[in-house]
Amino acid sequence: MAATTSRSKEIIHCDPDKCNGCEVCEYVCSWYHGGEINWKRSRIRAVKIEPIYSIAITCRKCDEPVCKSACPRDAISQNAAGVIHIDKDKCNGCGWCVEACEFGVMKLQQDTRLAFCCDYCEDLDGLKCVELCPKEALSYASLDSVGFSSAVEAAASLIADSKVSAGGK
Amino acid sequence: MKGMTGKYLKVDLTEGTVVVADLPEDVAKDYIGGYGLAAWTLYNEVPAGADPLGPDNVICMWVGPCAGTVTPASSKYLVAAKSALTGFIGFGISSGGIGQELRAAGYDGIVVKGKADRPVYIFIDDDTVSIKDAGFVWGKTTWETEDLIRGRHSDEKLRVAAIGPAGEKLVRIANITNDRNRQVGRTGMGAVMGSKNLKAIAIRGTKSVEVADPQGLWDLAREMHTRSMGKATEKYRHYGTPVNVLVHNKLGCLPTRNFQQGTFEGADAVSGERMLATHVKKVTACPACPIGCDHINICQDGPWKGTAASMDYESLELLGPNCGVDDLDALTKAVELCDTLGVDTISAGGTVSWAMEAYEKGLIGKEETNGLDLRFGNAEAMVEAVRCLCLREGKLGELIGDGSAEAARRLGRDSYKFAIVNKDMEWGAYSMRSLQTATLGFATSVRGACYLRSGSYQQDVKGTVDRYSLDESRGKIVSEGEDLYAVIDSAIWCKFTRGVFKGEEEMAEVLNLTTGFDYDVESMIKAGERIHNLAKLFNIKHGASRKDDYPPPRAFEEKMYDDVNDGAIIDRDQYDAALTGYYRSRDWSDEGIPTKRKLAELGLDTSLGV
C-alpha cells in the first residue's frame, strides 16, 4: 500500500543552486540524533560533483519503498506519513536495503553495522537540518509546491527576458 | 584533555615504521594546536643546518582543537617543515575535509621524517595506518591523484592531500592540494613532500569528535553560525576576495607589473564585480563553514573554454595585474595549472612577473623564455610560463622553477633588485610603498613575505596610521597582530571568521568549551606570543638575523608613480626605526634575538637568547 499520495507527500527538498556543500546538515543530524559530532552517522548526505554541483540528499518517502521490499527480514516498515522505520531487533546488517535505495539514503552504522536512515526528526521539535542549513537550501515542502516554485521562477525569467513590464513607462 | 585527542602519528619513511605517540597535556595547552604544535615539533626535531630537501628534515601536519567541531570554518589543518624556499620555518594552512577527518581518525597530527625508497602515500584508516605504494599516481596531477586514491579505496569521501608533478620535481614553490580547490600554498611544502617520495596522505576517520562541553559548544556554535551570515563576512560570501581589486586600485596599492606601480589600467576587467558577472558559476564552502568563499570560475569560450578553477584575490592579483594581465580566462587557466600541477599561485605570479621584467629589461631573451614574448600583459605567454615553471620545462623552467629569488641568483646582473621577496618568498598582493605598516609585517614574518602573520595591512587600509611613512610605534601593531594571529592559526580558525567572534574573550571561551582548559584572554595571547617566539627561535637556529627582516631594494630605491602615487618610497631610516621598534616591542635585542628574560618568561629554551 502506498503510504502517502503524491498530492500531499512532503519531503526534505534541497535546492542545488543554494546548496554550497558546507556539510553543516551532516554535523547537525549527527548531533541531534546521538548527542555527538560524527558526520559519518548523519542521515542526510552532502554530495559534491566537481566542479560546481552540490546537493544534500535524504529519504524521498517513496510510495513503494525498495528498501522495504529488499529487506529479507521484514525489518523495514513505513508509517502513514511515509517515514521509514527500522526494527533494530530484526535487522542483521545484511545491507540489501543500502544496495536497493536509489538515492543512497540507507546507511549502515559504522560500529553496530545496523541499517539506519532519515527519520524526519519525528522525536524532535522540527527538522533540524532544514532549520539550521546556513544557505536555506533545505526546505520541507510538498513536491507540488516545489514544482510550483519552479514554475513561478520560470515564468519570472520569461517576463524578465521579454518586454512585458508590470506597469509604468 | 578534550578537543585534542592526545595522540599523534610518528612516521619514519626510511625505516617504513609508524608509531602512535602521546601528546603531553601541558604541550597541548601551551601551544594550543596547529601552528603552535608545528613550531614545537620543528624546533625540537629538525637539526640546525638540515637540508630542507634531505631526509633529516621533518614535515608535520597538525590540526587544532576546533577541527571537526561545529565551530564555524574550523575544519582546517596546517603543514610545516623547514622550507626549501626560505631555509627557515615553512608552513601553510588549508581547509577542506582533511582537518575534521584526521580528528575523526583519532589523531591530532602526523610527523614524518626520513625518505621512502620509492613513491608512497600514507593511508590513515582510523586505527590502521599504512605506508602504501604510490607508483600508480606518481606523475599524476593533484586532482587525478585524489580521484585515483579514492577509487582504490572505494571511498568517494576519503580525504586526500597530495602533491602534483611540481612537488615531485622538487619545485621549491610547490604546494599541497586537497579537496580539489584547497591548498597548503606557501613556502614550498610540496617540495619537501616530494623530497621524501611522499605523494599523498589519505585519511578516513569514523570516530566521534569529543569536546569538553558538547552542549555548551553546540549552543555557542549555533549562535556563531547565525552571526557568520552577517555583515562581517558578506564580502567573502558574495563577491569573494577579488572584490579587493577595485578597492586596492583606488588606494594605489594594487601591485602592478612586478610592483612597479600601485594602480592598473585593466583593473575593471579583472574586478571581483566583473568576475562574478562573467565567470563565477558556483560559490562553495568547506565542511562546517556557513560562509562559503570559494568562487569557482568557468571559462565560457575561447582557447580555454570549460576550464574550471577556484579564484581568490591573491591568485588573481599576482598572476593578473602584477603580470599586467587583464584576461579572466587566462587567469582561470593559470590557476588551474597551478592547482593541478601543484604550485603556489602567489609565488608563481611573483616569479613570472619577475621574468617579465627581466625580459623587458633585456636581461633575458627568447632563448631563455622558451621562445615566449614574455612582455607584461601577454596573457597567453603568462599561462605558458606558469606551465613551464610548474614542470621545470625548457630553459625558462630551469631558470624560474625555484621561485624568483633563486632565478635572480642564477641570472645575476642585479636582477635580485626586482625579485619582490622577503626571506626569498614572493610578496603577497599588497603594494610595498603605499602600505608601509603592511610592509613591516611582511618583512618581519617568520615564513617570509606574508600578510597573514600579523594582518598589519588593515591599519594602513583603514587609515588609522599614515600608510606612507613609518616610525617606531608601528612595531607594536605588528607584534600584537602576530600574537593574536598565532592563536587563530593554532586553534585553527579561518581568518574570515575574525569578525564573527565578539572579541578575544569569545575566542578563549570557544577554546575552553572545546578543550576543558582554562584560558583567559591574557593566557591565550601569551600562548600566541610563546608560539611566535618559538617560530622565531627556529629561524635563529637556522641562521636568521636582522638582515632577513627587510623588504627588497625596490621599496627603498625606486619611487612609485601611478594614478594615485606621486613618488611613493620607503625611507630607509624610518624603516630601520620601525624594525627596531618591532624588536623592542617584543623584548628582543636590536639584532632581532629574543632576550633570555623573555624566553624564560614564556617557558622556552633560553640557550639561543641574549
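- Looking at heavy atoms from C-beta onward, A/L132 lies out of side-chain contact with B/H225 at the 4.5 angstrom threshold.
- Closest of all the heavy-atom pairs between B/T69 and A/I37 is CA-CD1, 4.1 Å.
- Under the 4.5 Å side-chain criterion, counting only non-hydrogen atoms from C-beta, B/S75 is not in contact with A/E23.
- Of the atoms belonging to A/E136, not a single heavy atom falls under 4.5 Å from chain B.
- Proximity to chain A is limited to the side chain of B/K157, based on heavy atoms less than 4.5 angstrom apart.
- Atom OG of A/S54 is separated from atom CD1 of B/I296 by 9.5 Å, given to the nearest 0.5 angstrom.
- Taking both residues in full, the closest heavy atoms of B/R222 and A/Y32 are given as NH1-OH, 3.0 Å, listed atom of the first, atom of the second, then distance.
- With a threshold of 4.5 angstrom between heavy atoms, A/D17 approaches chain B through N, CA, C or O but not through any side-chain atom.
- Using a 4.5 Å heavy-atom threshold, the side chains of B/P214 and A/E36 count as separate.
- Rounding to the nearest 0.5 Å places CZ of B/R180 at 10.5 Å from NZ of A/K48.
- Heavy atoms closer than 4.5 Å to chain B are found in the backbone of A/C19, but not in its side chain.
- Side-chain atoms of A/N38 do not come within 3.5 Å of backbone N or O of B/V209 as any donor-acceptor pair.
- Rounded to the nearest 0.5 Å, atoms OG1 (B/T284) and CG (A/N20) are 7.0 Å apart.
- In this structure, B/I298 CD1 and A/I52 CD1 are separated by 4.0 Å, a value rounded to the nearest 0.5 Å.
- Contact check on A/K40 versus B/E101 returns a salt bridge, with a Lys/Arg side-chain nitrogen under 4.0 Å from an Asp/Glu carboxylate oxygen.
- Residue A/W39 holds its CH2 atom at 10.0 Å from OG1 of B/T206, rounded to the nearest 0.5 Å.
- Atoms OH and OG1, from A/Y27 and B/T71 in turn, are 9.0 Å apart once rounded to the nearest 0.5 Å.
- Closest non-hydrogen pair, B/P290 versus A/P134, comes out as CB-CB, 3.5 Å.
- The residues A/R45 and B/E156 are annotated as not salt-bridged, no charged nitrogen and carboxylate oxygen being separated by less than 4.0 angstrom.
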